[in-house]
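Each remark here refers to the structure printed beneath this line.
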Amino acid sequence: MKQDFTRWLPAIAKNRRTVLSIAGVAALGGLALGPAAVAAPVTSAPHAGAVAAIDLATGKSRQGATVESALTTGSRTTEVPAGKPTRDELIPHGVEGAQSRIPLDDAQLANAKAIIAEAKETGVGERGAVIGIATSLQESKLYNLGHLGAYNDHDSQGLFQQRPSSGWGTPDQITDPEYASRAFFEALKNVHGWQELPLTTAAQTVQVSAFPFAYAQWEEQAADIVQQHW
């Protein structure tokens, strides 16, 4: 997977789904190879530099940025609001390794909410939503990415970097947050015993990433986002 962040094109929006097309961000997370994928062994450390890549490609800079609220960052909260899922429901097996956390803008939060809505619709519940958001945080930093041109990772696109050539759907479908989320969750439901698996194993079985361990680093932020927006 390419890890060269030295060449860029501006991000562009496509239609009302705000699909970002960014050159040089092909190293964002792993590949989504197909719904019937088999898990690969966990051998790689979390991929570094993806957040900076997105920021540079979209013309943003978070240096010196002020964190205004937990809703911006998905930061951990100490109190569970009434009717919201508990920490044990969201992270039943504990986190695996060091955790990462990034600020979220309105587009990222909207995509996170779309993932949560499909988790409810498909019946995977709060835990499924955590797995979905953690996966998207790794694959695209919760941005709905279009084709990345010459630097695209194969034909991967969208929130989960799903591939049309592997049966995930057409480019228009996989860059629709609702469709992409539903496809991810339907594939997750086909993973035997996914509810009892560590997050990185469940996500990797669906995604077959070149960086399988990287999903684990987003579990805590994903849980906070789900707890706030469920």
Side-chain angles (χ1 to χ4, degrees), residues 16-18 29 51 62 65-144 158-160 162 174 176-207 214-230:
R16 281 184 271 182
R17 289 193 302 273
T18 314
V51 176
R62 293 193 173 106
T66 300
V67 176
E68 297 181 353
S69 72
L71 293 179
T72 302
T73 63
S75 62
R76 184 168 184 173
T77 56
T78 57
E79 296 183 5
V80 179
K84 299 293 185 179
T86 67
R87 202 76 181 169
D88 288 343
E89 291 172 322
L90 296 168
I91 308 180
H93 312 296
V95 297
E96 302 172 85
Q99 296 294 292
S100 297
R101 192 175 291 273
I102 58 171
L104 303 178
D105 61 23
D106 290 344
Q108 290 165 298
L109 281 174
N111 289 329
K113 291 176 182 178
I115 293 172
I116 291 171
E118 288 304 315
K120 293 179 178 180
E121 184 69 23
T122 56
V124 297
E126 302 97 324
R127 179 58 178 169
V130 171
I131 296 170
I133 289 178
T135 300
S136 184
L137 276 166
Q138 173 57 28
E139 296 289 358
S140 67
K141 296 301 169 286
L142 281 171
Y143 282 108
N144 191 21
L159 292 175
F160 297 92
Q162 293 158 330
I174 63 176
D176 177 273
E178 290 76 19
Y179 176 95
S181 300
R182 185 165 61 254
F184 176 84
F185 289 132
E186 291 299 336
L188 180 65
K189 285 159 62 175
N190 286 328
V191 176
H192 179 69
W194 66 266
Q195 299 94 332
E196 306 305 320
L197 296 175
L199 183 146
T200 197
T201 304
Q204 172 65 359
T205 303
V206 176
Q207 299 291 99
Y215 300 114
Q217 68 182 311
W218 303 107
E219 186 162 8
E220 193 167 84
Q221 181 169 18
D224 291 330
I225 293 169
V226 173
Q227 190 173 70
Q228 291 162 5
H229 298 287
W230 187 258

*Could you walk me through whether R127 and W194 pass side-chain contact (heavy atoms from CB on, under 4.5 Å), step by step?*
CA-CA 10 Å; R127 179 58 178 169; W194 66 266; 4.2 Å; yes

Q.
Determine whether Q217 and Q138 satisfy the following criterion, side-chain hydrogen bond (donor to acceptor under 3.5 Å, both in side chains), listing intermediate values before the conclusion.
A. CA-CA 8 Å; Q217 68 182 311; Q138 173 57 28; 3.2 Å; yes

Does W218 form a side-chain contact (heavy atoms from CB on, under 4.5 Å) with S100? I'd like the steps, not just the answer.
CA-CA 6 Å; W218 303 107; S100 297; 3.6 Å; yes

Problem set entry | CA sep, side-chain torsions, deciding dist, call: K120, W230, side-chain contact (heavy atoms from CB on, under 4.5 Å) | CA-CA 9 Å; K120 293 179 178 180; W230 187 258; 3.4 Å; yes

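Take E186 and apply the salt bridge (Lys or Arg N to Asp or Glu O under 4.0 Å) test, not counting sequence neighbours, and it matches K189. Evaluation of the side-chain hydrogen bond (donor to acceptor under 3.5 Å, both in side chains) rule for E89 yields T86 as partners, not counting sequence neighbours.
The closest donor-acceptor contact from the side chain of Q108 to the backbone of K141 lies under 3.5 Å. Using modelled atom types, no side-chain atom of T201 and backbone atom of L197 make a donor-acceptor pair closer than 3.5 Å. In this structure, S181 contributes its side chain and P177 its backbone to a donor-acceptor pair below 3.5 Å. A donor-acceptor pair under 3.5 Å links the side-chain atoms of Q99 to the main chain of A216, judged by distance alone. Side-chain atoms of Q227 come within 3.5 Å of backbone atoms of P85 as a donor-acceptor pair (strictly under, hydrogens ignored). At least one donor-acceptor pair under 3.5 Å links the side chain of N111 to the backbone N or O of L142.
Only one option out of I131, L159, V130, T135 pairs with I115 in a side chain to side chain contact (heavy atoms under 4.5 Å, CB included); it is L159.
Side-chain atoms of E139 and Q162 form no donor-acceptor pair, as typed in the model, at a separation below 3.5 Å.
Within a 6.0 Å sphere centred on CD of Q195, other residues, nucleotides and ligands contribute more than 12 heavy atoms.
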